[in-house]
K.L.:
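My questions will all concern the structure given below.
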Number of protein chains: 2
Amino acid sequence: MRITAQEEYGLRCLLQLAQQPEGEPLTVREIARREGLSAAYVEKLLHLLSRAGLTRSVRGQSGGYCLSRSPQQISLGEIIRALGGFVSDAEICNQFTGNLDCCVHVNNCGLRPLWRVAFYIQSMLDRIPLSALLHDEQKVERDLMETGRSSRLIV
Amino acid sequence: MRITAQEEYGLRCLLQLAQQPEGEPLTVREIARREGLSAAYVEKLLHLLSRAGLTRSVRGQSGGYCLSRSPQQISLGEIIRALGGFVSDAEICNQFTGNLDCCVHVNNCGLRPLWRVAFYIQSMLDRIPLSALLHDEQKVERDLMETGRSSRLIV
DNA sequence: GCGAAACCTGACTGATTTGTCAAGTTTCTT
DNA sequence: AAGAAACTTGACAAATCAGTCAGGTTTCGC
């Protein structure tokens with residue numbers, strides 16, 4: 001269970017965009033410079049994020065990338081899903097790679113409670129806006145406490 | 001941010017061991033049969049878990065594997081760490097693969113709040129015992145609510 | 001118009017992760 | 001003591017992921 005490189009670097013790019021004044025696009029080259037990444041890699045990440053509807057590109061000489069919504073309206077959950085995905089219902093027993101014809105647990109999956117945990121984590125991330133990462137760490141902590149108290153697992 | 005194959009299958013093996021009567025080892029062959037995995041792969045997973053101190057092997061003709069502690073005393077967090085690890089403090093800025101000599105955020109890392117989130121998730125998993133996955137899903141839900149209320153991020 | 005600056009895209013290479021194989025060592029049963 | 005059942009281990013092949021490259025298309029400023 002790890003945060004992938006793609007998620008980390010993609011998020012860094014988004015944080016750069018989030019610090020930009022409204023409506024002023026930032027170039028790939030500039031983001032790459034600030035984050036110490038190659039321009040090609042930043043392009044790939046931003047392309048992924050644009051496909052997911054999180055960023056918007058402006059072509060042409062004075063173009064670049066913007067967030068498509070305000071940092072308050074973009075959640076960490078969305079970002080994680082755009083950049084590599086999370087465990088999801090669909091892939092649980094279908095993508096089973098074992099020897100049997102299908103997952104032996106298909107009728108009474110002993111791991112279903114684990115997926116429940118995963119969904120819980122995901123719903124927690126859905127409640128944390130990108131803007132939370134712009135502020136101090138205490139802010140994030142308060143947000144987490146909030147989700148901890150209020151969220152329920154959907155039965 | 002995903003649960004890896006190794007984590008999933010390793011956990012399945014542990015769940016098989018957890019259902020075994022105390023002190024009766026289960027053979028690799030039998031676990032493999034029940035889970036529809038190859039014996040070689042199950043061996044590899046159990047070897048990893050033994051190294052982490054979660055399982056114990058009994059050699060010889062009537063041997064096999066047991067849990068080294070009761071399912072109540074083994075947490076999901078430990079299991080995840082044994083089977084592929086979680087993000088950890090040490091690897092955050094050190095393993096940075098960018099072009100710069102070191103992470104450009106080393107002094108004021110914009111992602112630190114994200115690691116805080118990761119640690120929070122990890123501490124939540126540390127509070128869920130393996131035994132919780134043996135019971136019904138409502139049980140897991142109650143456990144999660146408990147951790148949601150009681151845990152604090154360590155500052 | 002035309003060239004420079006910027007985004008767009010798919011193919012490709014290297015690294016990591018998955019899962020297998022094969023040749024051990026240990027222990028029990030008879 | 002011999003053989004079978006079981007764990008041990010390191011090397012390997014296949015699949016997936018990270019990151020690069022090259023050659024596009026679009027737009028702006030002059």
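No hydrogens, no waters, no symmetry mates; every other heavy atom, side chains included, goes into these values. Note on naming: letters A, B, ... go to the chains in the order of the sequence lines (proteins, then strands), and numbering restarts at 1 for each one.
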K.L.:
With a 4.0 Å limit, can you tell me whether B:S38 has a side-chain N or O closer than that to the phosphate oxygens OP1/OP2 of C:dT20?
P.N.:
yes
K.L.:
Starting at atom CG of B:L45, determine the distance to atom P of C:dT18, rounded to an integer number of angstrom.
P.N.:
10 Å
K.L.:
Select base, sugar-phosphate, or nothing to describe what A:L48 touches, counting heavy atoms under 4.0 Å on all strands.
P.N.:
nothing
K.L.:
Grab the CE-P distance between B:M1 and D:dC17 for me, whole Å please.
P.N.:
17 Å
K.L.:
Are A:Y9 and A:L134 grouped together when hydrophobic residues (ILVMFWY) are joined by side-chain heavy atoms under 4.5 angstrom apart?
P.N.:
yes
K.L.:
Please give, in whole Å, the distance from C:dT26 P to B:Q61 CD?
P.N.:
17 Å
K.L.:
Distance from B:E22 atom CD to B:C66 atom SG, nearest 0.5 Å?
P.N.:
8.0 Å
K.L.:
Provide, to the nearest angstrom, the distance between the OH atom belonging to B:Y41 and the P atom belonging to D:dA14.
P.N.:
17 Å
K.L.:
Give the rounded distance in Å between these two atoms: CD of B:Q6 and P of C:dT18.
P.N.:
5 Å
K.L.:
Nearest whole Å is fine: how far is D:dA6 C1' from B:I31 CD1?
P.N.:
12 Å
K.L.:
Take nucleotides 8-13 of chain D nucleotide by nucleotide from the 5' end and write B, S or -, depending on whether a protein heavy atom sits under 4.0 Å from the base, only from the sugar-phosphate, or from neither.
P.N.:
BB----
K.L.:
Out of D:dG19, C:dC7, C:dT17, which nucleotide sits closest to the side chain of A:R2?
P.N.:
C:dT17
K.L.:
Taking atom CD of B:Q122 and atom CD1 of A:I121, what is their separation to the nearest 0.5 Å?
P.N.:
10.5 Å
K.L.:
Carefully, step by step, assess A:E78 and A:R81 under the rule salt bridge (charged side-chain N to carboxylate O under 4.0 Å, His left out).
P.N.:
CA-CA 5 Å; A:E78 280 182 288; A:R81 280 191 292 278; over 6 Å; no
K.L.:
Atom CG of A:L46 to atom P of C:dA6: distance rounded to whole Å?
P.N.:
14 Å
K.L.:
Please report the interatomic distance CG(B:L17) to CD1(B:I31), rounded to the nearest 0.5 Å.
P.N.:
4.5 Å
K.L.:
To the nearest angstrom, how far is A:Y9 atom OH from D:dT20 atom P?
P.N.:
10 Å
K.L.:
Could you check whether B:Q72 and B:S70, counting side-chain N and O atoms only, form a donor-acceptor pair closer than 3.5 Å?
P.N.:
yes
K.L.:
Going by heavy atoms in the side chains, are A:L11 and A:I79 under 4.5 Å from each other?
P.N.:
yes
K.L.:
Closer to the 5' end of DNA chain D via nearest nucleotide, is it A:S62 or B:G60?
P.N.:
B:G60
